[in-house]
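Comments concern the structure below.
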Amino acid sequence: MVAMRVLFVCLGNICRSPTAEAVMRRLVRDAGLEDEIAIDSAGTSSWHIGKAPDARSTAAARARGIELAGAARQVTNADLEDFDLVIAMDRQNAAELLMLARGEARDKVWLLRQFDPEAVATGDLDVPDPYYGGDGGFEHVLDVVERACRGLLEHIEDLRRVRQ
Ligand code: 4NP
């Protein structure tokens with residue numbers, strides 16, 4: 001039974017959030033939790049609706065054995081109701097989500113790097129937008145996302161233990 005629904009959100013839903021979605025899917029599968037944790041991604045903008053993930057993100061992930069998938073979609077009000085955790089890639093994304101979220105749904109909105117203790121210690125909580133930069137930016141996104149997703153999975157496993 002799906003016990004936890006996680007939505008990753010960036011601006012375009014073609015670089016960072018599909019990367020986080022695929023990295024998290026891998027971690028969740030490796031932990032044997034794929035039937036319990038549902039994962040999706042969306043963008044705050046409508047700019048790339050229907051498009052496949054960015055070819056540069058896809059290539060960088062593939063080099064690490066991770067396949068990006070899906071078509072970009074825009075986050076909706078219903079997402080804020082339907083998902084348990086809505087994980088923004090940067091503070092701008094989080095601000096947009098908090099404008100959509102009402103009442104208790106506001107408590108679902110997190111920054112991905114809040115789950116990386118090193119990032120919390122330095123206060124550098126954004127996953128930087130790689131879209132207009134060089135290829136190094138896509139490697140950096142993967143490094144940052146892999147670390148934070150490990151922390152996110154630990155957080156979810158803690159929640160499951162509390163709820164059991
Ligand atoms: P993402 O990256 O938010 O990580 O998917 C971007 C994709 C597209 C644009 C900006 C960021 N854009 O300006 O079109």
Side-chain angles (χ1 to χ4, degrees), residues 2-44 53-54 57 60-61 64-70 72-73 75 79-101 103-131 133 136-164:
V2 172
M4 182 69 63
R5 294 172 201 277
V6 183
L7 182 69
F8 294 101
V9 178
C10 62
L11 176 59
N13 192 210
I14 55 172
C15 298
R16 292 166 292 173
S17 61
T19 298
E21 177 186 349
V23 165
M24 192 67 184
R25 263 188 217 291
R26 160 68 68 85
L27 291 173
V28 163
R29 199 187 62 205
D30 288 351
L33 295 172
E34 65 267 45
D35 293 337
E36 296 183 41
I37 303 175
I39 304 165
D40 196 6
S41 68
T44 58
D54 186 286
S57 295
R64 299 188 189 196
I66 295 164
E67 288 297 320
L68 303 196
R73 71 176 184 86
V75 67
D79 287 325
L80 271 304
E81 303 301 324
D82 296 343
F83 286 86
D84 300 295
L85 294 172
V86 182
I87 312 284
M89 295 299 118
D90 66 29
R91 278 167 286 204
Q92 183 60 41
N93 309 146
E96 300 271 349
L97 289 167
L98 288 169
M99 283 192 268
L100 283 181
E104 286 177 11
R106 297 175 68 83
D107 297 337
K108 299 176 175 181
V109 178
W110 297 78
L111 289 166
L112 179 62
R113 295 191 82 185
Q114 287 183 272
F115 299 99
D116 175 359
E118 225 173 274
V120 172
T122 62
D124 182 10
L125 292 177
D126 289 340
V127 180
D129 181 350
Y131 191 69
F138 293 87
E139 292 297 328
H140 183 59
V141 165
L142 275 162
D143 292 341
V144 164
V145 163
E146 284 182 341
R147 235 180 6 250
C149 281
R150 272 189 217 104
L152 173 59
L153 181 57
E154 283 173 22
H155 175 76
I156 293 172
E157 289 181 319
D158 285 347
L159 288 178
R160 289 176 68 246
R161 275 192 281 274
V162 169
R163 288 175 183 189
Q164 263 165 12

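- Note: Leu152 CG to Ile37 CD1 = 8.0 Å, rounded to the nearest 0.5 Å.
- Atom CZ of Arg73 sits in a crowded spot, with more than 12 heavy atoms from other residues, nucleotides or ligands closer than 6.0 Å.
- Nearest heavy-atom pair, Asn93 versus Val9, reported as atom, atom and distance to 0.1 Å: OD1-O, 3.5 Å.
- Using a 4.5 Å cut-off on side-chain heavy atoms (C-beta onward), Asn13 and Pro18 make contact.
- A 4.5 Å side-chain heavy-atom check between Arg113 and Val144 finds at least one atom pair inside the cut-off.
- Shown here for Ala148 and Phe115, the closest heavy-atom pair between the two residues is O-CB, 3.6 Å.
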All N/O donor-acceptor pairs, side-chain side in residues 20-28, below 3.5 Å, sequence neighbours left out:
| from | atom 1 | to | atom 2 | distance (Å) |
| --- | --- | --- | --- | --- |
| Glu21 | OE1 | Ser41 | OG | 2.7 |
| Glu21 | OE2 | Arg25 | NH2 | 2.6 |
| Arg25 | NH2 | Ile39 | O | 2.9 |
| Arg26 | NH2 | Gly65 | O | 2.5 |

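- Ala88 and Ala94 get closest at one heavy-atom pair: CB-N, 3.6 Å.
- Between Phe8 and the choices Val127, Leu85, Leu112, the side-chain contact (heavy atoms from CB on, under 4.5 Å) rule is met once, by Leu112.
- Remark: Gln114 CD to Leu125 CG distance equals 6.0 Å, nearest 0.5 Å.
- For Ser17 against Met89, the heavy-atom pair with the smallest separation is N-CG, 4.3 Å.
- Looking only at side-chain heavy atoms (C-beta outward), Asp79 and Asp40 stay at 4.5 Å or farther from each other.
- Note that CG of Leu153 and CE of Met4 are 10.5 Å apart. Values are rounded to the nearest 0.5 Å.
- Listed here is the closest heavy atom pair of Glu157 and Ala31: OE2-CB, 4.2 Å.
- The CG atom of Asp84 sits 9.0 Å away from atom CG of Leu159, with the distance rounded to the nearest 0.5 Å.
- When atom types are taken as modelled, the side chain of Asp116 and the backbone of Glu118 share a donor-acceptor pair closer than 3.5 angstrom.
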Given salt bridge (charged side-chain N to carboxylate O under 4.0 Å, His left out), test Asp143 with Arg64 step by step and report yes or no.
-> CA-CA 11 Å; Asp143 292 341; Arg64 299 188 189 196; 2.8 Å; yes
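- Residue Thr19 holds its OG1 atom at 8.5 Å from CZ of Phe138, rounded to the nearest 0.5 Å.
- Residue Ile87 holds its CD1 atom at 8.5 Å from CG of Leu7, rounded to the nearest 0.5 Å.
- Here the side chains of Leu68 and Ser57 are in contact, with some heavy-atom distance below 4.5 Å.
- Counting only heavy atoms from C-beta outward, the side chains of Arg160 and Leu33 approach each other to under 4.5 Å.
- Taking both residues in full, the closest heavy atoms of Gly123 and Arg91 are given as O-NH1, 4.3 Å, listed atom of the first, atom of the second, then distance.
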